[in-house]
Number of protein chains: 2
Amino acid sequence: MPYESAPRHLVAVDCIIFGFEDGKLKLLIIKRKVAPMEGAWSMVGGFVQEGESTNEAATRVLQQTTGIQDIYMDQLMCYGDVERDSGARVISVAYYALIRISEHDRILANQHGAHWLSLHQIPELIFDHTQMLNDALARLRDKAHFHPIGFELLPEKFSLPQLRNLYEEIYQRPLDKRNFRKKILAMDILEKLDEKDKSTSKKGAHLYRFDKKKYNALTQHGLVFEI
Amino acid sequence: MPYESAPRHLVAVDCIIFGFEDGKLKLLIIKRKVAPMEGAWSMVGGFVQEGESTNEAATRVLQQTTGIQDIYMDQLMCYGDVERDSGARVISVAYYALIRISEHDRILANQHGAHWLSLHQIPELIFDHTQMLNDALARLRDKAHFHPIGFELLPEKFSLPQLRNLYEEIYQRPLDKRNFRKKILAMDILEKLDEKDKSTSKKGAHLYRFDKKKYNALTQHGLVFEI
DNA sequence: CCAAAAGTGTTCCTAGTACACCCATGG
DNA sequence: CCATGGGTGTACTAGGAACACTTTTGG
């Protein structure tokens, strides 16, 4: 397998971008601006450049369309079928990202023709992007079960009803209010604030903050996150 | 992002090949035959050809070095750092495979300079292949926990002590004999044979066979494999 | 007859699940 | 004062974990 004689390929990255707003899981997708399939709905993506790692490419693509940096992003997998892209043979490395919608640059996203859509409103997507979405959802569920990544989708300060609502969306099933509280508070990784969120009830719900340092410390001592 | 102006890359596949023999998890690795790092230990790999999917490339590479087809193989992930291969910028898609060592073509493997080594005997590997191995082991553990893939590493007929030994290797911890039996037999997915394996004891251990059809049927009715 | 591995049940405890009422407050 | 969502405790059950002795048989 000499390097010189091996064929070269177009390599792209595609980002499955999740957000959480109005109690719903949402996905950031764009109207494609190039042929083929111009105008069709698609994940945000782009080609991997020379001297650029695939991780860097994904970060760049995300930054260019959302204006956001420093967010949670993880590789999903590589999609390598020959015919997957009808324009050319393109190998795509998919990443999924979790974004706090409130903190991201909506104006920049709109300039790129990007839109946040609820999961049940997702139209047909190009190529194998629907497959990517399903794979990403499955991965998100698995990952969220044992890792505290849900907080990446919420504002820094959040209430327990909000958090529970998020997990109900991720798992697509109702969670018992009392059991959920018991479980999450028992881990002792949330900091209770003196503020209340009165936007959804008259009584108001206490706000909490995820204490990452505490979580890391407890993890060293055997804590296993599970929700 | 026009297709024409995008750069092209060398894309390789690397296979992390697991086997189980003499009660130990083993890895099939080769002595590299091309520069750079000629003679160093490496996973089996090769370049993705035109008109060949990455899955097909992995299958081909595996077949060429082991002579085996129709084995369990799954994508691990894509490794895309710019400097990961010191010979050129190569993007690698890693796969992990599970092989019944007894059924594979040792002669063919030897011709390719391939060797089965126990996990604790693995020498230094080139590039990021040690990272790949660690990632593959983590994935194997996760996957084996909830999917009946362990059987891919055993002969068609196996004893329960053998099976338990395999899981002890995968999880790197001892498993209680009685609890293990209870759990695996309760799933009712093993067919008990009239043969015994007398190679490891005078009393002999009953042989079993994984009943895949039964497993699939039970899965439809809500069975969740877990061990 | 004995060494060596195979095979077998029971108890305890933890963690998940199900479930209903009071509280605080803005309008 | 009442409608609305927030917050709280207990009882039951199932499943995981710990644990020791008997059986078989080749040498």
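Chain identifiers are assigned alphabetically (A, B, ...) following the order of the sequence lines, protein sequences preceding nucleic acid strands; residue numbering begins at 1 within each chain. Only heavy atoms go into these numbers, but all of them, side chains included; no hydrogens, no water, no symmetry mates.
In this structure, CZ of A:F180 is placed 13 Å from P of C:dT17, rounded to the nearest angstrom. For the pair B:D197 CG and C:dA4 C1', the computed distance is 14 Å after rounding to whole Å. In this structure, CG of B:L175 is placed 13 Å from P of D:dG16, rounded to the nearest angstrom. Atom CG in A:N179 sits about 13 Å away from atom C1' in D:dC12, given to the nearest Å. A:K198 places its NZ atom 18 Å from the P atom of D:dT4, with the value rounded to the nearest Å. Rounding to whole angstrom units, CZ of residue A:R173 and C1' of C:dG16 are separated by 11 Å. If you take CZ of B:R181 and C1' of D:dA18, they are 18 Å apart, rounded to a whole angstrom. Regarding A:R164, its CZ atom lies at a distance of 15 Å from the C1' atom of C:dT17, rounded to whole Å.
Side chain of A:K203, nearest nucleotide from C:dG26, D:dG7, C:dA5: D:dG7. Taking the side chain of B:P161 as heavy atoms from C-beta on, and the options C:dA6, D:dG9, D:dG6, the nearest nucleotide is C:dA6. Taking every side-chain heavy atom of A:S201 into account, D:dG6 is the closest of D:dG9, C:dA6, D:dG6. Nearest to the side chain of B:K177, among C:dT10, D:dA20, D:dG6, sits D:dA20.
Comparing A:K202 and A:K196, the nucleotide of DNA chain D nearest to each residue sits closer to the 5' end for A:K202. Residue-to-nucleotide proximity on DNA chain C shows that, of A:D176 and B:K192, the 5′-proximal contact is made by B:K192.
Phosphate contact (OP1/OP2 of D:dG7, side-chain N/O of A:H206, threshold under 4.0 Å): present. Contact annotation: A:R178 does not reach the phosphate of D:dG7 (side-chain N/O to OP1 or OP2, under 4.0 Å).
Classification of the B:W116-B:H104 ring pair by plane angle, with boundaries at 30° and 60°, yields perpendicular. Relative orientation of the B:F180 and B:Y167 rings is tilted, given thresholds of 30° and 60° on the angle between their planes.
For B:Q172, the CD atom is densely surrounded, since the number of other residues' heavy atoms within 6.0 Å is greater than 12.
A:L163 is not listed as a side-chain neighbour of A:I227, based on a closest heavy-atom distance of 4.5 Å or more.
A donor-acceptor contact closer than 3.5 angstrom links the side chains of B:Y95 and B:T54.
Within 4.0 Å (heavy atoms only), B:K182 reaches at least one base atom of the nucleic acid.
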